[in-house]
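Here is the structure we will look at.
Residue numbers count from 1 along this sequence. In listed order, ligands and their atoms are each counted from 1.
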Amino acid sequence: MKPKLNLKKQSIRIAVAIAMAFGLFSCAKKEDKDAQYYQDIKVEGQKEAELTAPPLVPKPVGDRAAMKLIVNMEIKEQEGEMADGVKYTYWTFGGSVPGSFIRTRVGDEVEFHLKNHPDNKMPHNIDLHAVTGPGGGATSSLVAPGHEKVFNFKTINPGLYVYHCATAPVGMHIANGMYGLILVEPEGGLPPVDKEYYVMQGDFYTKGSYGEQGKQPFDMNKAIKEQADYVVFNGKVGAVTGDKAITAKVGETVRIYMGNGGPNLVSSFHVIGEIFDKVHIEGGDVINKNVQTTLIPAGGSAIVEFKVDVPGTFILVDHSIFRAFNKGALGMLKVEGDENKKVYSGTTQEGIYLPEGGTIQNMPKENGTAKSVVAKTVAEQIKSGRELYGRTCFACHQSEGQGVPNAFPPLAKSDFLNANPNRAISAVLHGLSGEITVNGKKFNNVMTSQNLTDEEVADVLTYVYNSWGNNKTVVTPAKVKAIRAKPAPKVTAEH
Ligand SMILES: [Cu+2]
């Protein structure tokens, strides 16, 4: 038996060697197509490329032939808002951060027109990682204000690529927002999906710290030390939250073209409550499946895809998590549609955990039968509420309830809080997101639901209401229970 098998193997090897010698493997098969093959593709026709601002992407290439694409990219230096009340002068490709999305297919011939608006102050250029050639185009594209430079390149490697300005000081040009994505689709295009979005992370360095109001100049020293004040998606805090969230319907497949402009930080990209069915690692050909968090290098990308199975708000974060909750690296995907209790049930049981009893007891559901829970005095409520506050709320709302400007609203002397205890109870029970105004300041952030028992919610809120100049409301567990029984309000809070 054995020698025969070996013989068989040997004859296969010989056949392969002969086939290779005759060049049978050198062309035609898809896997074997390489940069040389794409270099030789003839282009048919020409058109101006569609460019889009984030979070939108141009139409898919589908199965069109390779063609000549004219890209008209205008550089604009313009003032924008980094966060509420925080102004910043961005340098942009096409008027947005990240810059306009460029969509091509492999084998396309791109004629790139880089225009530097006459009102700009600086020279700029462009380095496209999709370009094979010196500087990725930078050496041919340095352009002064009021001028235009043109260069051509052929896309010979499919993938999702970063482009950025590479004019000295390079770090500063990138830090001011000069980056974007160029997609080179494979022959026949990427498989169709229901929703496609463009999101790009970037880190920013300002003279003032996070949230400091007014015009904020770039801070070179912080940039060199890599001490980012802001880490954001799509150029500013809240660019992809609230009514600017990206959306999908239950059952749809979502594809996010995710880039990282840096200049310094690597992103641990994660969507809370979702698992990426597929990830094109680093924007290349290799597809990983069932991924929780994907690493996106500075100057790199990934294509992530997932089907949304249940409704809700899914939070996009850099899982270097202080960046998400304290520096702005937080976005939202809002999914509408029918619940799917098989995939996610919601809370099915609410219990008090008593280790001595050795069981999880159900909270008594009927009125007045809460025998096991002895009613506390207000002073006792405040005492246990203070402890709870220190464990659960303190991290965001701060020790004296003063909050953090532009991130976490104050609980001290909060008009929002004092106006409506039911709303406060609901915020702690169900979480709160969307724009709210507290003491005349706007907040547009996410408070997650706090997963506390009725008694705990009552105690912590009673403590808050009886501290820092608030109106001394006493919140009872019965009241919390009544609010819990009602359906959770929609994500956006009324005010
Ligand atoms: Cu530049």
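Partners of H173 according to the ring-ring contact (aromatic ring centres under 6.0 Å, His included) rule, which considers only residues two or more places apart in sequence or in another chain, are W91, H124. Scored by the ring-ring contact (aromatic ring centres under 6.0 Å, His included) test, Y88 finds Y90, F204 as partners (sequence neighbours excluded).
Salt bridge present: D229 and K222 bring a charged side-chain N and a carboxylate O closer than 4.0 Å. A salt bridge between R103 and E50 is absent, with no side-chain N of the basic residue lying under 4.0 Å from a carboxylate O of the acidic one.
Note on residues 220-251: pairs passing ring pair (Phe, Tyr, Trp, His ring centres under 6.0 Å), not counting sequence neighbours, are Y210-Y230.
Annotation: protein N, O or S atoms under 2.8 Å of the Cu ion (ligand 1) (waters excluded) comprise H124 ND1, C165 SG, H173 ND1, M178 SD.
A distance-only check finds a donor-acceptor pair linking the side chain of T52 to the backbone of L56 [under 3.5 Å].
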